[in-house]
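Worksheet: one structure, shown below.
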Amino acid sequence: MEEMRESVNIVVVGHVDHGKSTLIGRILYDTNTLSEGAIEKVKKLSAEKGKSFEYAYLLDAFEEEQQQGITIDTTQLQFATQKRDYVIIDAPGHKEFLKNMISGAANAEVAFLMVDASEGIQEQSRRHGYILSLLGIEKVYVVINKMDLVAYSEERYEQIQQDFNEFLYNLNIFPIRYIPISAFLGENVVEKSDKMPWYKYDSILETMDSITKEEGVKNMPLRFPIQDVYKFDHRRIIAGRIESGSIHVGDEILISPTNKVTKVKSIEYWAEKDKGDMATAGMSVGITVEDEFFNKRGEIISLKKDAPITGNLFNANIFWMGKSDLVKNKSYKLKLGTQEVECEIFSINRVIDASTLETLDDSSAVHKSDVAEVTIKTKQMIGFDEFKNIRNTGRFVIVDELNVSGGGIISGIDSSLQNRELTTKSTNLAPRKRLVSRKDREQKYQQTGKVIWISGLPGCGKNEIAVKVEKKLFDLGKKVYYLDSANIRFGLSSDLTFTEADAHEQTRRLAEVASLFADSGMITIVTSVSKFKQDREYARHIIGEQKYIEIFVEATEEVCRKRNPKGVFEDSDAHLFYEKAEYPVVTLYIDEAEFNSDKKAEAILSLIQEK
Amino acid sequence: MDHLDRLEAQSIYILREAYKHFGKLGMLWSVGKDSTVMLWLAKKAFFGHCPFPFIHVDTTYKIPEMIEFRDRMAKEHNMDLIVEINREALEQGMGPEQGRLICCKALKTEGLHRVVKNYGFEGLILGIRRDEEGSRSKERVFSERNAESEWDYTDQPPELWDQFKTDFKKGNHIRVHPILHWNEIDIWEYIKRENIPLVDLYFAKDGKRYRSLGCAPCTNPIESTATCIDDIIEELKNTKESERSGRAQDQEASHAMQKLRKEGYM
């Protein structure tokens, strides 16, 4: 067996003329990837135009591109280093060709965002940055090109880095590194340049080899969208590609959105060597099932636990490439996985100029090259996921007339209808259109609704801190409300006891109530023992990560017992046990019974002001 | 999954998308290595069946072994094969001596266009690859052609997340490119792994072999001692020659391929 070949897809994006094609041409040339014919051709073409060797011509294959010296369409080229294979994707930098840039970048795992050292950050540098964030490309390197034009100045490099970080951080893009180069002269491309001794890191090629490839989507929940159903012979084969997870013969499967359940009978094959009883993410397969009911393209097969969301209304962040504007009250086609359904724009919540991050005043339509936050309503129920959870079933394109005109990622379902099974499983539950949005409330109240979830063992001091936080915020003129878990027990949860199952239920109810409070614009403080991490994860999930701030008040056992001598444990069984979260949370340490609760409350206040 | 598994899975996905979306679909089969790989991929995609016809645009100038191989394979695999010959042009004396690009246009481009019109194809599957030449490197997986089979490469549709161009004006057709992302070595490695039958012309005899197949007058063999697939892969890893350097029409003028393909060439 020969060793497994690994391949990484890298896109090069950025403003027009900042040297994208030149860099790629240079890499191909310097790594000896090109055929003699290709080099000869470019030599001839360059000479005809009275230029020295034009690396960009190696990629800009169209006559129009060479004549005008621009990249019109995206292209992909393969090359290899000692370590592995690469597909390098060239993307055009003109605003006009944004659709082509997106077509290229959508295939990439890693992006090199090019900035001209002398021109600095330009409109498309920023817009492309935004598009990368919407495409979910997290591995981003900024390449500062044409360093030769700024005398290899470290100061200039630092300046660009500082300016660009300010913009990119807002998009949740955290560039791994800024790499100063001269693509045309080959400085820092293959080998480290001696022109910039102040730059201590790798060249472009070394950087590429240092990128670690993401682990596959094999271990995620199964998503197997039905592509087609074949009946060429006696077999009735459900065909499709596994987008995540894996499937085995004998698995009990759920088909969404119809909610039918059956078992996998066989995995079909043509060539004997492809025979097997399991299949994993990325494979195009065909299965037969035990109960042969009607299936059709677009349905999603999953395991019974971890099913996709089903619904007909969701929020999304979109980019628009259409010649006509995206508007409300118009029918579009939505393509998500293998589903194709009619849809309309339920509301346009915010339109953003992708090159400035400014919210545009006019949110009646989304124009070409803009990005927006929208709510989409589909005519039928569909199955989907939030993009942050499962990418391939969390993104879609919008077809206007005959053309793919927009793309988007699902950010969640409508805020008043959070992501939870009960509501989303109920068929065709469309919320009434409201005249006051969360955004309206936020503007009116000058604050963002959120939940400060203070957890910790009985006696740790959380209630004492919470009342102080409430008072301080109230005195600052904030709209704030403290939801004490113990109080809920007297009313809403009077039917619950202190068993473990009831403790889960109590936390769930608390989270639901808090979520509504936050949605109404309140700063909501919750105190709850919530010692099981799954309960807090649930709360975080339905409240939404953006609005949920978890604080763990950690006191020693001695402090807890001293502060709570009667051992009246609000919703626990007297065991001092607490399961810590797997995501970062703020921890307040209490090491003596007589602690300064004002100081702790102040700490929470300064924390939420940053948010 | 290894590298070839991933290539294969993507190609199968594309083939199935094409089959789902186009009522009238055909696969172009040039008898060469790439389109024979596609035949294999189709068999895998449809579990041993080929639910659409294969089309061979025969210029009558093909290397004779190609035609023998074509007829043998068609029989063995029970292929529904359409052979299209532009007889009118031939009767008027069309041939490479009229000019290579003129000949290509008449016998291949025009022949292909006639098949599309006569059979009303909405989708045509072609085995082109990005690494073959410049204009192909810029192709989409689903690429629209107008009623005259022309390609507007300056305004291609967006193509992302495997959502392809499946809505188009009646009378136009879509060229589907399931192996666009493969390279020449991938093709050979796959042929080896799957044990796919091929015409002998690819293997060296008397110090020469064909690296790319076409019409006899316009296709030159290369110097080679590669008599088996392993030799060929080794040879390709070390060559600096381009794959289509033996194809005379490519070298006729700068951007010759772009111009041919704009008019509807494969």
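Per chain, numbering begins at 1; letters A, B, ... match sequence-line order.
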Would you mind checking which part of Lys44(A) comes under 4.5 Å of any heavy atom in chain B, side chain (CB onward), backbone (N, CA, C, O), both or neither? neither
Where does Ala281(A) contact chain B at under 4.5 Å (heavy atoms): side chain, backbone, both or neither? backbone
Is there a donor-acceptor pair closer than 3.5 Å between any side-chain N or O of His255(B) and the backbone N or O of Ala61(A)? yes
Residues Asp90(A), Lys138(B): salt bridge by 4.0 Å N-O rule: no
Ala239(A), part contacting chain B, at a heavy-atom distance under 4.5 Å: both
Carboxylate-amine/guanidinium contact Glu159(B) Lys99(A), below 4.0 Å: no
Considering all heavy atoms of both residues, which atom of Gln163(B) and which atom of Gly337(A) are nearest to each other, and what is their separation? NE2-O, 3.0 Å
Would you call Arg16(B)-Asp228(A) a salt bridge at under 4.0 Å N-O? no
Carboxylate-amine/guanidinium contact Glu401(A) Lys169(B), below 4.0 Å: no
What is the ring orientation for Phe387(A) with Trp161(B), classed by angle as parallel under 30°, tilted 30 to 60°, or perpendicular over 60°? tilted
Exam field: side chain Thr75(A) to backbone Ser137(B), donor-acceptor pair closer than 3.5 Å: yes
Which bit of Leu34(A) comes within less than 4.5 Å of chain B, counting heavy atoms only: side chain, backbone, both or neither? backbone
Contact class of Asn392(A) relative to chain B, heavy atoms under 4.5 angstrom: neither
Can you name the closest pair of heavy atoms from Val285(A) and Phe47(B) and give their distance? C-CZ, 4.2 Å
Within the distance-only criterion (no hydrogens, no angle test), does the side chain of Lys165(B) pair as donor or acceptor with the backbone N or O of Leu402(A) below 3.5 angstrom? yes
Tell me yes or no: between the side chains of Lys44(B) and Ser284(A), is some donor less than 3.5 Å from an acceptor? no
Per-residue contact mode, Met321(A) against chain B (heavy atom under 4.5 angstrom): side chain
Given a strict heavy-atom distance threshold of 4.5 Å, which part of Val399(A) is in contact with chain B: side chain, backbone, both, or neither? side chain
Side chain, backbone, both or neither: which part of Leu77(A) has a heavy atom under 4.5 Å from chain B? neither
Side-chain (Gln76(A)) to main-chain (His181(B)) donor-acceptor, under 3.5 angstrom: no
If I compare all heavy atoms of Gly282(A) with all of Ala9(B), which pair ends up nearest, and what's the gap? O-CB, 3.1 Å
For Pro157(B) against Ser103(A), the heavy-atom pair lying closest together: O-OG, 4.2 Å
Taking the side chain as every heavy atom from C-beta outward, state whether Gln227(A) and Glu17(B) have any pair of such atoms under 4.5 Å apart. yes
So what's closer than 4.5 Å to chain B heavy atoms on Arg235(A): side chain, backbone, both or neither? side chain
Could you tell me which of Leu45(A), Asp233(A), Asn107(A) has the largest number of non-hydrogen atom pairs under 4.5 Å with chain B? Asp233(A)
Whether Phe232(A) and Tyr19(B) hold their rings parallel, tilted or perpendicular, with breakpoints at 30° and 60°: tilted
